[in-house]
Amino acid sequence: MGGLKMQNRRTFIRNIALGTTGLMVAPTFSTFAAKGKTKLTILHTNDMHCHLESFTGGRYDGKGGLTNLCRMVDKIRKQEDNVLLLDAGDMFQGTPYFNFYKGELMIKLMSEVGYDAGTIGNHEFDNGLEGIANVLPKAKFPIVNANYDFSETILKDTFKPYTIVNKAGLKVGIYGIGIELHGLVAPTNYGKTHFENPVSAALDIEAELKEEGCDLIICLSHLGHKYKGDDISDYTLAGATKNTDLIIGGHTHTFLKEPVALSNKEGKQVLVGQAGWGALMLGRIDLWFD
Amino acid sequence: MQFSFIGRGIATLALAVMLLACNQTKELVKYSSNYQDVVVVKGKTSRIDAAIAPYKKELDEQMNEAIATSAKELSAYRPESELSNFVSDLLREVAQKYAQKHLNNETIAVSLANNGGLRSSLPKGTITVRNIFELMPFENELVLLQLSGEQLKQMLDAISRRGGEGVSGCRLTIKDDKATAITVLGEAIDNKNSYWVATSDYLASGGDTFHMLAKPEKRVNTGLKIRDVIIEDLKLKNSKGIVIDAKLDGRIKDAK
């Protein structure tokens, strides 16, 4: 596929990388002087679909909702020093809060809860590119995507492919991967957004993040957990990448009991998580580094 | 002199240690996990409740408005259901009114509403605006498509492969994943004729494998949101004292 397109993205990535280097904070000496292992707590959600409050009636009665999730996150943040709260997309659509407030309320509240990073799911396109342009840039956390080429749309230069967060003296690279839009989203809603192959985009970005010296590389994926057919999933991505340590998944609304440990292209371990939908579950993965 | 030399030495050493530390990435050595259900805890609030409250109040006022009464609960299932019949009949009726005003009163022969787009049942008794938002959360618009007889047949075959969808204006029997015994407004499909079909912009763009709808002879975007159309129609019927009801009439039969 188009060499020109790929060239554009590479140039874009290089520009972004140059932009972010200056912002990076050098790890403090005291962190390195501390003895023992460093602990990092990852909290994650996906497909919250504007469920601000708990469900009423039906099988999820009295469960879920961002407001209840917020209470759990606050408690964990009090207990743990180093917490990252991440979301794997489809924040939009699902309750009247979306129809009335166009996702703006959701993004405002996610910012207040204190999300550290998020990505773009297919339902983020439900009010077209304008619906994204009007709302997502208001988030007080970075929203990353590495495989939607928006360069011919009004979203040009809006999203970075990745972000680097410094936590506990660890350098954490977080990138985003979105699902194929054709056949899933009305063409009028994604316009001239070009979809790039998730695997090749992931390989490019993770290599870049490795070069940047990241201790941990996380992919926020809206591909879906696993499919019977050939469609690209988190399983596909896990097996094809070399440097990604953790895939925080979404789209298939999969309720996992724990992250699945898979082998990457080089036989190293990759963890693949996903936490249902509607803020019905909070995923927690504690990681120790030495 | 000597003091500053030592001082410089320490500074250099500290810098070297820092640089070394910076270049050395740490290894992930262990992990554990704890996936927890998010639940309401009685008496416990959260710090974002206050931020939600004014929006919730505004929303509830509009959502709780009663707009109709239904004689029974309407649910969606295949091959035909009360709910899919109800919605597709309503869409064809509204589309015909639109055509009367804006489309030379052309006949809207068929309407199509996908079961996947009907996200919730309608309850027996009072129907509120909230019920319609739950039924139809998407911002889909009503679209009118002029199809050739052959395209219409392809559409009905696609419906059959999917085990049935919401239709109005036509009758068919599903046999071996194909539409048979087809009638459109009581007559067989004439391949020399064109037919107007009312559906959503989602299906008209080829969604849910309805690829044939993406290349119609003509397409009219009404600009009307399907949810709004349903709400307005229910309000209108309610004002005339009409109670909502729908029944199965064998418009889609399964031969197996």
Side-chain angles (χ1 to χ4, degrees), chain A residues 26-27 29 32 37-38 52-54 62-72 74 93-101 105 108-109 112-113 126-127 169-171 183-184 186-188 213-216 245 255-259 271 273 275 279-290, chain B residues 14 17-42 44-49 51-52 55-56 58-60 62-63 119-120 129-130 132-134 136-141 200-209 211 214 221 225 227:
Chain A
F29 188 75
F32 283 101
K37 296 181 179 68
T38 310
L52 305 183
E53 303 164 292
S54 59
K63 288 184 178 172
L66 185 63
T67 173
N68 297 305
L69 185 116
C70 175
R71 216 174 39 236
M72 289 167 69
D74 286 353
Q93 190 70 267
T95 70
Y97 283 110
F98 179 71
N99 305 104
F100 277 68
Y101 308 114
L105 181 59
K108 182 186 156 181
L109 292 171
E112 282 188 25
V113 172
D126 282 6
N127 286 332
L170 296 167
K171 209 166 169 181
L184 191 60
T188 45
C214 288
D215 302 283
L216 177 70
D245 300 289
F255 285 95
L256 293 178
K257 287 196 176 70
E258 56 184 9
L271 298 177
L280 283 159
M281 187 184 249
L282 177 65
R284 173 177 179 169
I285 305 170
D286 292 297
L287 304 168
W288 282 267
F289 293 82
D290 207 358
Chain B
V17 168
M18 271 186 76
L19 282 176
L20 200 69
C22 284
N23 287 336
Q24 207 169 21
T25 57
K26 291 204 168 189
E27 280 286 307
L28 173 57
V29 289
K30 197 180 104 178
Y31 80 93
S32 73
S33 68
N34 182 12
Y35 279 27
Q36 275 186 288
D37 287 343
V38 176
V39 292
V40 172
V41 182
K42 239 186 167 177
K44 291 243 176 167
T45 54
S46 124
R47 64 183 161 87
I48 61 167
D49 286 347
I52 298 175
Y55 296 97
K56 181 180 166 59
E58 185 183 56
L59 203 65
D60 282 351
Q62 297 178 68
M63 288 294 123
R119 309 293 281 195
S120 161
V129 172
R130 186 186 303 279
I132 308 304
F133 270 82
E134 286 167 353
M136 188 78 51
F138 306 121
E139 307 294 322
N140 287 339
E141 289 182 7
S200 69
D201 55 348
Y202 172 72
L203 295 180
S205 68
D208 278 4
T209 72
H211 312 294
N221 298 325
K225 274 188 192 164
R227 183 178 54 242

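Everything numeric here is computed off the predicted structure, so don't read it as measured data. FYI, side chains are in, hydrogens and waters are out, and symmetry mates aren't considered; it's all heavy atoms of this structure. Naming convention: chains lettered A, B, ... in sequence-line order (proteins, then strands); numbering from 1 in each chain.
- In this structure, B:K42 has no side chain to side chain contact (heavy atoms under 4.5 Å, CB included) partners at least two apart in sequence or on a different chain.
- With a 4.5 Å cut-off on side-chain heavy atoms, A:N68 and B:V39 do not count as touching.
- With chain B as partner, the option from A:A275, A:C70, A:A186 having the largest number of non-hydrogen pairs under 4.5 angstrom is A:C70.
- Neither the backbone nor the side chain of B:E134 comes within contact range of chain A, judged by heavy atoms closer than 4.5 Å.
- No donor-acceptor pair under 3.5 Å is formed between the side chain of B:T25 and the backbone N or O of A:D215.
- Each of A:L216, A:L105, A:D126 has some count of heavy-atom pairs under 4.5 Å with chain B, and the biggest count is that of A:L105.
- In this structure, A:M281 and B:Q36 have side chains that are not in contact, with every pair of non-hydrogen atoms separated by 4.5 Å or more.
- By number of non-hydrogen pairs under 4.5 angstrom with chain A, the leading residue of B:D201, B:T209, B:I52 is B:I52.
- For the atom pair CG (A:L287) and OG (B:S32), the distance works out to 8.5 Å, reported to the nearest 0.5 Å.
- Note: A:F100 and B:F133 have tilted aromatic rings, judged against thresholds of 30 and 60 degrees for the angle between ring planes.
- You'll find the side chain of B:Y35 stays beyond 4.5 Å of the side chain of A:E258, heavy atoms only.
- Of all non-hydrogen atoms in B:V38 and A:G65, the two that sit nearest each other are CG1-O, 3.9 Å.
- Closest approach of B:L28 to A:D245, counting heavy atoms only: CD2-CB, 4.5 Å.
- The contact between B:R227 and chain A is made entirely by side chain atoms (from C-beta outward), counting heavy-atom distances below 4.5 Å.
- Remark: A:E53 pairs with B:K56 by the salt bridge (charged side-chain N to carboxylate O under 4.0 Å, His left out) rule, at least two apart or across chains.
- Per-residue counts of heavy-atom pairs under 4.5 Å with chain B were compared for A:L184, A:L282, A:V113; the largest is that of A:L282.
- Residue with the most contacts toward chain B among A:G94, A:C214, A:P259, A:P187: A:P259 (heavy-atom pairs, distance under 4.5 Å).
- Here the straight-line distance linking atom CD1 of A:I285 with atom OH of B:Y31 works out to 8.5 Å at 0.5 Å rounding.
- The NZ atom of B:K44 sits 13.0 Å away from the OG1 atom of A:T67 when rounded to the nearest 0.5 Å.
- Contacts of A:E112 with chain B are made by both backbone and side-chain atoms, with heavy-atom separations under 4.5 Å.
- Salt-bridge formation is detected for the pair B:R47/A:D74: a Lys NZ or Arg NE/NH1/NH2 atom is positioned less than 4.0 Å from an Asp or Glu carboxylate oxygen.
- A donor-acceptor contact closer than 3.5 angstrom is absent between the side chains of A:N127 and B:E139.
- When the shell of 6.0 Å around CD of B:E27 is examined, it contains 12 or fewer heavy atoms from other residues, nucleotides or ligands.
- What you find for B:D37 and A:M72 is that their closest heavy atoms are O-CE, 3.7 Å.
- Interface residue A:L280: only backbone heavy atoms are found under 4.5 Å from chain B.
- Between B:Y55 and A:Y101, a ring centre-to-centre spacing shorter than 6.0 Å is recorded.
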Q. Does the pair A:Y97 and B:L59 meet the rule for a side chain to side chain contact (heavy atoms under 4.5 Å, CB included), with working shown?
A. CA-CA 8 Å; A:Y97 283 110; B:L59 203 65; 3.6 Å; yes
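- Looking at B:T45, only its backbone comes within 4.5 Å of chain A, counting heavy atoms on both sides.
- If you tally non-hydrogen atom pairs under 4.5 Å between each of A:L52, A:T188, A:T95, A:L256 and chain B, the highest count goes to A:L256.
- Proximity to chain A involves both the backbone and the side chain of B:V41, based on heavy atoms less than 4.5 angstrom apart.
- When side chains are defined from C-beta on, A:D290 does not count as touching B:K26, because their heavy atoms never get closer than 4.5 Å.
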